[in-house]
Amino acid sequence: MDIDSSGAMEGTVRQVMPGRAVVDVAGEAVEAHLRGGLKQGRRNSVHLLAVGDCVRLRRSDGPLVLVDEVLPRRNELARVDVGDKRGLRKQVLAANLDRICVVVSLDKPSFNPRGVDRFLVLAASAEIPALLVLNKCDVGAAAGGESPAPKEILGLYRSLGYEAIGTSVPTGEGLEDLRAALAGRLSFLLGPSGVGKSSLLNVLYGLDLRTTAVSSATSKGVHTTARVDWVDLPGGGAVLDAPGIRSIPPWGLDQGSLAFCFPEFRRAGSCRFGDCLHRGEAGCAVEAAAAGSQVPAQRLESYRRILATLPR
Ligand code: GDP
Ligand code: ZN
């Protein structure tokens, strides 16, 4: 373990539990307890620490290792704390991410552009680069016709400026591209249950993660702690998966800032009114761009649906 002369060491938080955390220090897992002064009254580690945090540790006078300081975050993926009834508290699910990897499938579950756009908005609002992975590209081809072709979906998102990869576990399509995209980075996997997240990691890295044959029922009751699994990737990099969390209402996003999460809206030019929300106002540049197809109609539709869910 790397300890400097002052007895301090730095590491990355891999798991957060009430009052303590598992911290990776140069490849070694160290259990560290929260220093009393860090706790600040009733706030506990669940609110002070997130997976991915860089922390400074030191030895206590006794046998314990203490989290002495949480270093400033480069970014954070946060939602409204579901345990706080007034919805005023932020819960950080992960920090210091290189990527949010949005995994969806062409079929079973079927491709849902609204869902994809919600995940992409979440990434954009956290200012974390997004990668779209369209899995089960083999299924649509076999089903013939019903869902749009993978090429169209990938082409659309690439034309908007997103990185997008089409994959298939049985045919191997896109797997090398996905491996390259994940290598050496800390990525957070987001996507509905059953799209093939575990299957992709298993086939790419020879892992043995449990795959879901049936979608697990959402449990009742309020969970204040969200489970975030850290999966080390052979060859470098890691993937975070939050099996219990399939949708995350972005923290701190309001109606006025939503359009900034749609890159093609920013390119559409200026609307007549500076506070235009692009829902039928006169002189709206986004609507004009949608008529001329620089803004795809389905993206404007996603925008309006998300807008209706956000505070002013
Ligand atoms: P997760 O819930 O996102 O982790 O999804 P799983 O990895 O558990 O996969 C759900 C189901 O989809 C399993 O029955 C997998 O065998 C299947 N599956 C995963 N990837 C593919 C794929 O690329 N093509 C097809 N046809 N099936 C897949
Ligand atoms: Zn407008």
Side-chain angles (χ1 to χ4, degrees), residues 101-112 115-116 119 132-144 146-147 150 153-154 165-179 182 187-218 227-229 231 239-247 255-262 264-292 294-295 297 299-301 303-304 307:
C101 195
V102 177
V103 188
V104 295
S105 59
L106 190 61
D107 204 3
K108 296 177 182 167
S110 57
F111 179 76
N112 167 14
V116 170
F119 287 129
L132 178 63
V133 176
L134 179 63
N135 191 36
K136 307 197 190 182
C137 280
D138 57 289
V139 178
E146 285 220 353
S147 37
I153 299 171
L154 295 168
I165 303 176
T167 56
S168 164
V169 172
T171 72
E173 177 187 344
L175 296 185
E176 283 316 310
D177 290 342
L178 180 57
R179 194 201 308 272
L182 298 176
S187 308
F188 197 104
L189 288 193
L190 277 178
S193 180
V195 294
K197 293 179 294 298
S198 321
S199 306
L200 283 167
L201 294 177
N202 286 347
V203 70
L204 277 175
Y205 301 103
L207 303 175
D208 190 22
L209 305 175
R210 198 173 53 85
T211 57
T212 43
V214 283
S215 62
S216 48
T218 35
R227 198 181 109 207
V228 178
D229 293 336
V231 182
V239 156
L240 304 182
D241 185 21
I245 302 172
R246 290 307 172 221
S247 82
Q255 291 193 333
S257 31
L258 179 61
F260 294 98
C261 300
F262 286 73
E264 72 274 33
F265 288 21
R266 298 195 300 260
R267 293 190 289 265
S270 308
C271 303
R272 184 178 306 161
F273 303 109
D275 58 355
C276 187
L277 288 176
H278 324 308
R279 49 178 179 191
E281 293 93 332
C284 176
V286 171
E287 221 153 284
Q294 294 118 297
V295 167
R299 293 275 290 172
L300 190 55
E301 173 68 21
Y303 167 83
R304 287 178 175 162
L307 190 72

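Atoms within each ligand, like the ligands themselves, are counted from 1 in listed order. Given the structure is predicted, the values throughout are model-derived calculations rather than measurements.
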Ligand-residue contact atoms, ligand 1 with Pro170, heavy atoms, under 4.0 Å: 22 (C), 23 (O), 24 (N)

Any donor-acceptor pair under 3.5 Å from Lys136 side chain to Lys108 backbone: yes

Within less than 2.8 Å of the Zn ion (ligand 2): protein N, O or S atom count: 4

Under the ring-ring contact (aromatic ring centres under 6.0 Å, His included) test, residues paired with Phe188 that sit two or more places apart: none

Donor + acceptor pair across side chains of Thr167, Asn135 (<3.5 Å): yes

Validation row: Leu106, Ile153 side chains within 4.5 angstrom (heavy atoms): yes

Glu287 and Arg304 ion-paired at < 4.0 Å: yes

Within-4.5 Å side-chain heavy-atom neighbours: Phe119 and Leu132: no

Polar proximity ligand 1 side, Gly194 side, N/O cut 3.5 Å exclusive: yes

Ligand-side contact atoms (ligand 1) for residue partner Lys197, heavy atom cut-off under 4.0 Å: 1 (P), 3 (O), 4 (O), 5 (O), 7 (O)

Parallel, tilted or perpendicular: ring planes of His278 versus Phe265, cut at 30 and 60 degrees: perpendicular

Under 3.5 Å: N/O of Val139 near N/O of ligand 1: no

N/O separation below 3.5 Å, Val169 to ligand 1: yes

Stepwise side-chain contact (heavy atoms from CB on, under 4.5 Å) test for Asp241 and Leu209: CA-CA 11 Å; Asp241 185 21; Leu209 305 175; over 6 Å; no

Side chains of Glu264 and Arg266 in contact at under 4.5 Å (non-hydrogen atoms): no

Geometric N/O contact Ser199 with ligand 1, under 3.5 angstrom: yes

Atoms of ligand 1 close to Asp138 [distance to a heavy atom under 4.0 angstrom, numbered from 1]: 22 (C), 23 (O), 24 (N), 25 (C), 26 (N)

Pair Tyr205-Leu182, side-chain contact (heavy atoms from CB on, under 4.5 Å): steps then yes or no: CA-CA 11 Å; Tyr205 301 103; Leu182 298 176; 3.7 Å; yes

Numbered atoms and elements of ligand 1 in range of Asn135, under 4.0 angstrom, heavy atoms: 20 (N), 21 (C), 22 (C), 23 (O)

Contact atoms of ligand 1, heavy-atom distance to Ser193 under 4.0 Å: 2 (O)

